[in-house]
Each structure stands twice: as C-alpha cells, then as structure tokens.
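The model shown is predicted, which means the values in this text are computed figures rather than measured ones. First the proteins, then the strands, lettered A, B, ... as listed; each starts at 1.
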Amino acid sequence: MAKKGKQAISPTREENYPSWYQQVIRAADLAESSDIRGCMVIKPWGYSIWENIQKNLDEMFKETGHVNAYFPLFIPKSFFEKEAEHVEGFAKECAVVTHSRLEDDGNGGLKPAGKLTEELIVRPTSETIIGASFSKWVASYRDLPLLINQWANVVRWELRTRLFLRTTEFLWQEGHTVHETRAEAEEETYRMLDVYAEFAEKFLAMPVIKGEKTESERFPGAIQTFSIEAMMQDKIALQSGTSHFLGQNFSIASKIKFQNREGVEEFAWTTSWGVSTRLIGAVIMAHGDDNGIVLPPRITPAHLVIIPIYRNEEDQKKVLEYIDFLVSEINQKRYHEERIRLKVDKRDISGGEKIWEWIKKGAPVRLEIGPRDIEKDSVFMGRRDLEPSEKTSISRKEFVDNLPDILDEIQKNIYDKAAGFLKANTINIDDREEFYQFFTPKNKENPEIHGGFAHSHWCGNSECEEIIKNDLKVTIRCIPSEAKEEDGKCICCGKTSRKRVIFAKSY
RNA sequence: CGGGGCGUAGCGCAGUCCGGUUAGCGCACUGGUUUUGGGAACCAGGAGUCGGAGGUUCAAAUCCUCUCGCCCCGACCA
C-alpha cells in the first residue's frame, strides 16, 4: 500500500526551502558531498546535465568567434600580486600549494617536503595566468581581437558551501578576450552577457534580468561587471552568469601591449566572463517542485523514459519487441537537430517505483507501455510539466510524430511558469516603509517565503546601499540594462534619482 | 571565522540527561513465494562498534578533554 504523502519530496518548498533543495538533489541523484570539505561529487545524472549545458554554450561561443584553450591550474603567487584589487578580492579564499613531495614522518605517516621557492595558488580565476600568455601572444593590432575560452575547474575556499550553488571546487568556463579599443571590449562584454541571457532563457527555460553591478558588487579588478539575475522559487535572486569589462587594469598588470595602427605601443583592453555548475542549482530552484527536479528538455540527460509493463514472460516478449520498434521510430526523429535521448527502464522493480523515480529525476516525458497499449497501438504518456496523475493515452503514430513538439511545449510551459513567477513577485516600490515591509518576514521565528524583486530608485550612493544591506540583508542585484530614465527619489535617503534598480535578497 | 544544532547500518531516526545483558526501529539491500498500469505483501537473511583521538571507570554510544565533518543563521562570495 502506498502510504506516503502526495509529494515525493519532504519537506516541501513551503515547509523548508533549503532542506527541500538538498532533498531534491538526493532524490534526483544529481550529486553528493564528498569526504573533502566543501567539495561535491557530481553523479552521472547531474554531470550529464552539465555536459548538455557545456555542449550548447560552447556552440554559442564558437558562433560568436571564440576558440577554446587550456591554461595551468596553478598560478605563481607573484602573478597574483600584480593586480592589487584582484588580490584583495580573492586573497581570503585561495588554496596555496607550498610543497612538492611527501616523505616518511617516522610515525608511519607522511609529511610534506620539498618546500617550493615560490608558492602556487590553485586558480580561483585565471585572469593573471592567462594574461601572462596573452602578453606573449599580442604584439600588433593585427593580433587582435583575441577571443579565448577555457573550460576548467577552479577553487575558492568559501566559508560556507552548498551543493552546486557554492562549492570549494567548481566547474565553469571562463572567457578571456583582448581588444584594440575600449569600445570593442565593451561591446564584447555586452555580447557575452547577451549570450548568457539567451542561453538561460532558451535552454534553461529561465527568465533572467541583465544589468550592471554596483561598485560594491563588482568583480575585483574590473571597471564594470554585468550579470544575469534569476529569481528562485523562494524569491531570492541567484546571480547566474557574469561578464566583466576589465579596461586596461589587467593588461597593465600582465603587460599585454600592442603596436596600434599609428605605430604607437599601447595597453590592450580586456574582458572576462563566466558561468559555472551553479547553473544546475539554478535549474533546480527555478523549476523544481515538491516531486523533484523538473528538467528543461533542451538540457535533460534523457528526454524520454520508457517503462515496460508486463506480468508474464509472454507479455514481456511482446512488450519489449513493441518498444524496440517504437525506439527505432523515435531514433528517426530529431529535436533541435539532436537525437532524442531516451532510456528504456527494464529493471526488475515495480512499475510504480520506476515512475516515481523518473518523476524525481525530472525526465520530461514518461511512457508506460503494456499489453493494453499494444492492443490499441498506443502509448500511455506522463509529462513532467503536468501532475503525475495526469496521464494520457495517445496513438503510437501521433506520439512519434509529435514528440519534438511535445518537448518544445514542455520547454515553453516551464519557461512561462518561471516567467510568471518572476513577474508576480516583482514590484515597483517608492515608499521606504513599504520597502522594509516587503523584505521583512511576518513570522520571525520561522520566516515564510517573502519578498521578491523590488524595482526602486537609488541615488547612486554606496552608503545607502550599505544601510539597506545592514537593515534587511537586501542588496542591489543590478541596475537593469532595460531600465528607463525617470525621475524619482532614492528609497533610502530620498535624494533625487534617475533610475530604478533591482533590490533583492540573494544567494 | 562568530552564534546555534547535529554526527549511531546506504538513508531517516530512537537510545545519551540518570554509564551495565549479544546496540534497536523504519526505509533501502539479498533470497524465496504471491503480486504488478500511482510508491506491493509476507517469510527468511546480510549489514553498524555508535565521526575520530585521548581520558575517567570493573564497565562508555552514554561522563570529561581535544579534534574532524555536516546543517542552519551571520560576515565573505559564481
């Protein structure tokens, strides 16, 4: 007898959001924490999502003229010291390699030996080490622009970690580009922000807001930092991608110089931009429900899971033959120029258990196929964007013909749902009192999900930013690119302002 | 790094305050029988030395000290 609740995940989002998040990761078998502090093991189902993110983003990078390369994991400490703000920003979270050997400590253990003459930093980001190469590669304006991307792991020794959202080691890509002019570098910065926004919306089905960071939230060493911000279902903002205009700061530090068209030597203009495995956390929290993760078809490891139903060997043979035929038909179809990724779950466990497992893992489409369906030449379909009980029987032919459209419809539905949520929880606030109420939970002991994105005026003074942050833990997520100029008064100090910015709590 | 909570089988927990037979329970796992289209039932099994180290004691999951890790809140951050 089924005696568990209506939901597969406990606690629900409403009951305890952080705990729900962890349970979804476990139930969907995405990742687990490892024996190393703050580091995660990404399991096959989770890693496969990352591979699909990589594949599609990489294509977009190539389409915009970038090529991949790979640079060292280690950065000599002296390289790091070249850009003062950069050092200050990352110093507190650097893993440092000091020795090169281990030797017997005389007690059956090992001790480090072979002290390095210069310590090596495990890269928290690669501006300085890549800059060292770039300085050798760039001599003339004819060498520019230089458009490089690297897929890599980085280490940031964060104090508090959360699977996918903030881990000590994480996977990401970092783009590093060098340009002849300021304008060109700025253009690149915006272009890559647009690529991220497009990727988030098209592939992750996640609406985002593009905008510029305030000075306090800027990347260490950057002139300008831009980000895409998404709203999670607890109404908290998640910075999901960043693009930085670095000016000449890093080219000066790394001596990236070139002879310009007038024959005069000058420092180049650089950018950097990145997204990380955090995007998987974003997908979980943007679309997941109380039954587990909900995967956008464009990045799911499996579009379709087929569950054979039979009770004797005779039926089994018939069912599996029917499924073989169905699979061969599906293999003819394409979804956005890719093969349909499918799994036939032949494991010898009960049907109901399999169905729930695939719901928790977020597979967009499930088919149950048994003797009854074969008789009607039809399939029994469940969709992850609908309730688990909402299953329909449709003819085999119709299903096969429409499968790509069904997947697109699911992709669209979950996007619309997330966009609706973002809209419903975004408001203009002009009154300070109202602003404070918006961001204050009614139940202090056990805070309910509250707040959202507040579009409010800001005078541009970082002191106001600081006051709000201290009072409410609310920060300016970005100055939206699309914000229109209008007259208003700063939500904090009341001085005149020309633009609304987005205030929210953030991860 | 500061405050709080917690480490007992793969997972979730009871037992700890008031030390004392072979350390329990649910789920999962293995084998069997009956089942099977919304998370099956029964029977029989396997698996832990109680996060780690040290101490107190005739006796430690339980008391003391140190230490490691996880979770939540805060500061820091993709």
Determine whether the aromatic ring centres of residues A/His176 and A/Phe250 are separated by less than 6.0 angstrom.
no
Pair A/Phe439 + A/Phe435: ring centers closer than 6.0 Å:
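Yes, close enough.
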Rounded to the Å, how far apart are [X] [atom1] and [N] [atom2]?
X: A/Asn153; N: B/A78; atom1: CG; atom2: P; value: 18 Å
X: A/Leu163; N: B/G69; atom1: CG; atom2: C1'; value: 14 Å
X: A/Trp157; N: B/A78; atom1: CH2; atom2: P; value: 18 Å
X: A/Met40; N: B/C70; atom1: CE; atom2: P; value: 14 Å
X: A/Lys92; N: B/A75; atom1: NZ; atom2: C1'; value: 9 Å
X: A/Glu368; N: B/G39; atom1: CD; atom2: P; value: 10 Å
X: A/Lys469; N: B/G74; atom1: NZ; atom2: P; value: 12 Å
X: A/Arg156; N: B/C76; atom1: CZ; atom2: C1'; value: 12 Å

Output the single nucleotide from [options] whose closest atom is nearest the side chain of [X].
X: A/Glu158; options: B/A40, B/C76, B/G74; result: B/C76
X: A/Phe380; options: B/G37, B/A78, B/G39; result: B/G37
X: A/Thr161; options: B/C71, B/G39, B/C72; result: B/C71
X: A/Arg26; options: B/A78, B/G12, B/G37; result: B/G12
X: A/Pro18; options: B/A78, B/G37, B/C72; result: B/C72
X: A/Thr167; options: B/A78, B/C72, B/A40; result: B/A78

Could you check whether [X] gets within reach of a base, just the sugar-phosphate, or nothing at all, counting any heavy atom under 4.0 Å?
X: A/Lys473; answer: sugar-phosphate
X: A/Gly351; answer: nothing
X: A/Ile355; answer: nothing
X: A/Arg162; answer: sugar-phosphate

Expressed in whole Å, how much space separates the P atoms belonging to B/G12 and B/C71?
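One P to the other, the span is 12 Å.
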Does B/C11 pair with anything, Watson-Crick or G-U wobble, both distances under 3.5 Å, and if so, with which nucleotide?
B/G26
side-chain contact (heavy atoms from CB on, under 4.5 Å) with A/Ile75: of A/Thr125, A/Thr128, A/Ile130, only one passes, and it is A/Thr128
So among A/Val155, A/Val122, A/Thr161, which one has a side-chain contact (heavy atoms from CB on, under 4.5 Å) with A/Glu169?
A/Val155
For [X] and [N], is the shortest distance between a side-chain N/O and OP1 or OP2 below 4.0 Å?
X: A/Arg160; N: B/C71; answer: no
X: A/Arg311; N: B/U36; answer: yes
X: A/Ser350; N: B/U36; answer: no

What class does the angle between the rings of A/Phe199 and A/Phe203 fall in, given that below 30° is parallel, 30 to 60° is tilted and above 60° is perpendicular?
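Aromatic pair A/Phe199/A/Phe203 classed parallel.
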